[in-house]
Amino acid sequence: MKNRAILTALAGLLLSTAAFAQSGEAIKIGVPVGLSGANSVVAPSVVQSSQLAVDEINAAGGVLGRPLALEIADDASGAAGAQRAFDSLVYQKSVNVIISMETSAARNAGLPIIAKGNVPYIYTSFYEGRSCNKNLFVDAWVPEQQVPPIVDNFMKAAKAKKFYLIGSDYSFGRGMLQFSRAYIEKSGGTVVGEDYLPMDGSDWTAIVSKLKASGAEAIITSTAGGAPNVTLTKQLKAAGVNLPYGNLAVDEGTAKGMGKDAAGIYISASYVTSIDSPANQKFLKAMADKFGKDLKTPNDLSVPQYEAIYLYKAAVEKAKSTDTAAVVAALPGVSFEGPRGVISMSKQHHAPLTMYLGQVGDDGGVKVVDTFKDVDPGAQCPNL
Amino acid sequence: MTLLLDIATTAAVLFIVASGLLAIFGVLKIINFAHGAWLTVGAYCSVLIAHWGLNPWLSLPFAFLVGAALGALTERLIVKPLYRRPLDAILATWGLGIVIGQLITLWFGRDVQMTPNLMSGTVGFLGVDYSAYRLFAVVAALAVGIGFTFLLDGTRLGLSARAVIMNESLARALGIDTGNVRLLTFVIGTGLAGLAGALLTPLTSVDPNMGVAWLIGAFMLVMVAGSSFGALAVACLLFGGAQVLVSTFLNPVLGGVTIAVLCALVLRLNPKGFARG
Amino acid sequence: MVNPTRTSRPFNSVALPALAAGALVVVAIGPIVLDRFAVNVLTRSMIYAVLAITVDILWGYAGILTFGQAAFFGIGAYATAIVATHVGDSPAMMALGFVLAVATPMLLGLLVGWLSFYHNSTPLYASVISLVFPIVVTQLVFSGGVWTGSSSGLVGYTTLPLELGGFFRLAGFCLIVIAVAAWIFVKSDAGKLLIAIRDNETRCSYLGLNTSRFKILLTACLAGVAGLAGFLYAHASGVVAPENTGFVFGTELVVWTALGGRGTILGPILGAIGIDYLSANLSGELPFLYQLIVGALFVVMIIVVPGGLAAVVTKIAGIGTNPTAIASVTVKGVASRPSAGWVEARDALIKIENLGKSYGSHHVLEGIDLSVRAGELVSLVGPNGAGKTTLMRCVSDGTLEATGVRQVCGRSIVRLTPSDIVALGVGRKFQVASVFDSLTVADCLRMARMAIDPPSVFAASRTLALPLSSERIVKLTGLDQLLDSSVSLLSHGQKQSLELAMVVALEPRLILLDEPTAGLTKPERTMIGGILKSLTEELGVAAILVEHDLDFVREISSRIVVLHQGKLVLDGSVEEVVNSALVKSVYSGGGHA
């Protein structure tokens with residue numbers, strides 16, 4: 001069912017770029033994304049927001065008089081698939097830039113290829129931080145931006161001092177919780193437990209029992225997206241755990257799907273659909289108009305993708321060329337006002353972001369509890 | 001106390017998941033590597049029942065029937081030509097698992113599906129608050145176990161199946177239609193796998209790959225148990241218990257591989273596993 | 001079943017060098033004519049093809065279905081990347097990385113081999129271990145923190161200073177070398193052992209071959225090759241990730257091997273390169289449908305054409321339809337090896353005291369006392385179910401649980417495996433001819449000498465050295481005219497003779513024969529009887545014979561032992577036994593009840 005939607009969207013895209021063919025060779029944007037594998041749930045929304053950005057830019061005259069064209073490739077959400085996708089995009093399709101939301105394994109697998117092929121790469125997924133390469137830019141959040149809002153709120157509002165950390169055993173899970181532990185301890189709290197399950201694990205029984213016995217006053221979880229997140233939340237609920245619960249890996253859409261099981265969960269994100277700004281209203285309306293009933297709810301992964309394409313446009317216009325060295329030099333100095341506010345990747349190739357602390361309601365909707373202006377990503381790549 | 005309940009309920013869940021695989025391995029000496037796919041099919045049966053707005057409990061018989069029907073097809077088309085090539089049967093059923101997984105993905109999408117809980121909340125049991133559904137799982141496991149004992153000891157099919165396990169050519173010589181016994185056994189095994197999938201939904205998420213995570217553990221337990229349901233129950237308690245203990249006192253990541261590693265070692269030291277005679 | 005021995009012999013001498021040279025040329029000019037994309041993708045595909053070869057040797061030839069090669073590959077890749085990332089990237093460190101990338105998988109290969117293969121281990125169990133191993137390795141990688149980069153893998157380490165084209169040529173070169181080496185190996189005498197093990201492992205161990213040790217060594221060596229592929233991969237791709245070690249990748253390797261055609265070396269190479277290249281080109285388009293098609297194709301292949309595409313191609317092209325090649329092997333008699341205490345062993349060669357064997361509450365053997373001296377031909381008679389075959393098993397397999405004393409040449413055989421007991425000088429012929437159906441007659445006989453003359457891993461011998469006694473059997477039975485024939489084409493009687501020749505080729509001091517004349521014609525029986533008589537009388541070999549044909553027994557035996565319901569009821573000369581009333585009653589009724 002979903003595949004058909006992707007295919008029709010791709011066909012429509014081909015038509016729209018064909019209509020533009022008169023003025024100059026198209027600037028190709030490569031989008032390797034997990035159409036299959038773990039990321040395939042969010043990938044369609046990322047493809048949709050990319051299409052909207054390209055359509056809008058082309059309708060307004062393109063970039064330096066040239067149209068933008070999307071090249072989408074499946075990275076199968078992993079390293080081997082990403083190698084194939086990057087090879088194909090960089091060497092076969094000769095794209096001018098790679099802009100994508102991917103898993104960390106896929107990003108790492110792609111880095112040697114963009115270095116050898118010398119193309120700029122804007123990474124649009126939140127991640128565990130500290131991935132540095134002269135061609136790599138990131139416009140999504142890192143732990144330094146996401147964790148403090150949740151921990152601060154639990155310590156103040158719920159007077160929680162004892163935290164229990166639960167995650168999936170992978171880079172993101174461990175990276176986020178490692179930072180959380182450091183931040184909690186720095187803020188005067190204690191971590192009474194920290195446990196991980198393998199990424200494909202679904203039996204949290206022992207961990208839940210340990211949590212219940214630990215006397216923890218708040219939980220922070222950072223699992224792999226999708227299945228582990230759902231199983232953990234279900235099993236916590238079934239075991240009657242009712243502590244303040246911060247989930248670093250859940251997005252609005254999944255929270256809605258989980259229904260009552262997710263009620264009360266805190267999330268921290270740089271984008272929630274309820275942001276009340278003209279730019280966001282305009283974006284949501286354009287998405288709804290373009291995709292109608294096939295629309296995938298925009299989220300904290302698809303919106304940075306949309307903005308990254310605009311940031312690339314700004315950099316090309318500033319450099320007056322698509323030459324990689326010139327674009328890479330220009331990227332830190334440009335900014336774009338998108339649904340999340342004004343975005344600029346000015347801090348060691350990372351971006352200061354406004355963060356929103358939300359709580360899932362009984363209907364699955366996310367209510368913004370608190371807003372934190374322009375949170376700094378910290379020193380991600382001091383050598384760049 | 002919680003620890004004991006954790007062990008009992010973990011063993012129960014493992015038993016439910018592995019019983020279908022054991023039924024097939026015990027009689028046919030074939031490992032059904034599509035077992036994970038059948039769990040998934042069973043879970044999606046719950047999704048369909050919820051989608052049609054029916055009572056969630058109906059998903060249990062529905063999943064059994066769907067699993068059994070698909071099992072009948074599979075036995076005739078794929079497994080039957082491979083009884084003499086057990087290693088090839090592993091591969092063919094693994095390939096079938098991929099196909100079923102992809103078909104489910106094409107039909108339902110990759111997303112995690114949500115199903116209504118059969119039972120929610122906790123109950124006070126022997127002085128601790130414990131998940132009601134996990135306690136129900138113990139009851140379900142006992143029901144499956146007793147059902148099977150009855151089937152094997154009290155029916156003609158069971159008698160034939162035991163004859164086939166012991167000596168197939170003799171069974172054939174005695175006029176038992178071994179082809180039919182195999183078909184029926186396979187159908188019951190896959191039906192049970194479907195049922196197990198539906199029973200798992202309240203504990204896990206429902207997505208096209210959900211079955212694979214359960215496959216290896218179940219597979220190892222069945223290897224240790226051989227062809228006896230009693231041995232399977234013992235293996236589930238022992239190794240499920242070891243998993244809970246390792247997860248609780250050492251490290252849950254180690255706990256994840258406990259069953260596989262311990263079972264492999266047990267088989268190395270005693271190739272017959274827990275099966276006697 | 002595929003029949004890999006079919007390929008005609010001239011291939012080795014002409015076609016193989018030509019093919020290898022052609023492939024070298026293609027690899028050398030590849031980077032010039034191919035675009036960068038193809039060069040990059042094919043580099044990786046060729047590395048995967050090396051792995052497919054190792055899977056093919058294990059599974060296609062030796063019959064060991066393995067999912068574990070991916071783990072050895074991943075370990076090699078991680079060893080390389082870990083050294084380059086955390087230790088250093090000087091040339092010396094790169095060399096260290098190389099050594100570790102090959103040595104670590106080999107050591108672990110020994111461990112995995114030890115776990116997987118032991119006397120009476122089942123193929124299913126070995127597959128199970130090969131499944132658990134990558135799962136454990138992947139889990140270790142995930143928990144490795146900064147050392148392994150966890151789920152993100154390792155990236156950004158220094159690689160060999162080669163351009164895309166350089167890696168292409170390096171990978172291609174390695175692939176060709178390994179493919180040629182693999183080809184030579186599987187066609188060599190040692191390579192035939194792989195097929196023998198796949199066909200009939202029991203026979204192998206009763207030929208005195210320690211198959212477990214051989215399989216453990218094979219696993220370790222091929223783990224090293226997989227590690228080498230991992231080293232190449234880590235350098236060529238510049239990144240290593242957990243999925244490189246996982247069992248899903250392991251199953252992919254098996255799928256490629258199966259589709260390409262197991263047991264052909266070339267098929268799996270083409271399967272790996274073809275499918276990987278295709279999937280790189282189709283990435284983005286049809287991600288789900290693609291896997292669906294590959295999965296469905298795989299299932300159909302396994303059921304309908306287990307030989308894979310290679311089998312389809314050879315069938316269409318009509319290659320290999322004529323398995324009988326020109327008889328070019330010559331047989332040569334060699335003097336028997338000197339053996340300490342050969343003639344003076346007037347003591348019992350075999351001594352059994354109070355032997356008992358039961359299955360549950362059912363006693364198959366009880367209180368058996370028996371000893372046999374050199375030069376004796378003892379016949380074991382008794383009705384069906386008397387325990388004759390069980391007795392043979394008890395003295396040829398010490399791992400079979402039984403009570404009492406069992407000694408061969410004064411040594412207890414309890415807990416000794418069949419191959420150990422063969423080394424003590426016991427040869428066993430089975431009731432149903434146990435030979436190797438996929439091999440030729442000459443290769444079967446060569447297997448029987450393998451424990452005595454270690455096989456070459458390079459060459460396929462054109463001569464066959466047999467002890468005179470065995471050579472005589474081969475000539476008497478006309479097998480010398482069929483040396484190059486496939487065993488599957490032999491008649492029932494010819495297979496019986498072949499097995500006897502194989503057992504005699506072991507130069508045993510004691511031969512156990514289980515109904516060697518069943519189903520044979522009268523002239524064939526007479527001939528076998530003559531052979532047995534000359535073995536015992538002229539060479540001083542002892543023989544224990546299970547036989548129903550009392551006329552035959554009377555003609556050749558020096559002693560007869562009667563078993564009835566698990567007990568030894570009579571032990572005496574031919575005359576004593578034949579005229580005994582007890583034997584008559586046993587055979588005329590009571591025994592069959």
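Just so you know, these numbers come straight off a predicted model, no measurement behind them. Basis for what follows: all heavy atoms, side chains included, without hydrogens, waters or symmetry-related copies.
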* By a 4.5 Å heavy-atom criterion (distance strictly below it), what part of B/Thr248 contacts chain A: side chain, backbone, both, or neither? -> both
* To do: Using modelled atom types only, decide if a donor and an acceptor are shared between the side chain of A/Thr190 and the backbone of A/Val192 within a distance under 3.5 Å.
  => no
* For the rings on B/Phe219 and B/Trp94, is their centre-to-centre separation under 6.0 Å? -> no
* Short side-chain to backbone donor-acceptor contact, A/Ser49 and A/Ser302, under 3.5 Å -> yes
* Asked: Are B/Tyr44 and B/Phe108 near enough that their ring centres are under 6.0 Å apart?
  -> yes
* Asked: For the ring pair A/Tyr170 and A/Tyr196, is the centre-to-centre distance below 6.0 Å?
  -> no
* Given a strict heavy-atom distance threshold of 4.5 Å, which part of B/Pro202 is in contact with chain A: side chain, backbone, both, or neither? -> backbone
* **Most chain A-contacting option - heavy-atom pairs closer than 4.5 Å, from B/Ser247, B/Pro252, B/Ser131** => B/Pro252
* Residue among B/Val246, B/Leu5, B/Asp6, B/Ile7 with most heavy-atom pairs under 4.5 Å to chain A -> B/Asp6
* Checking A/Asp261 against chain B: side chain, backbone, both or neither under 4.5 Å from a heavy atom? -> side chain
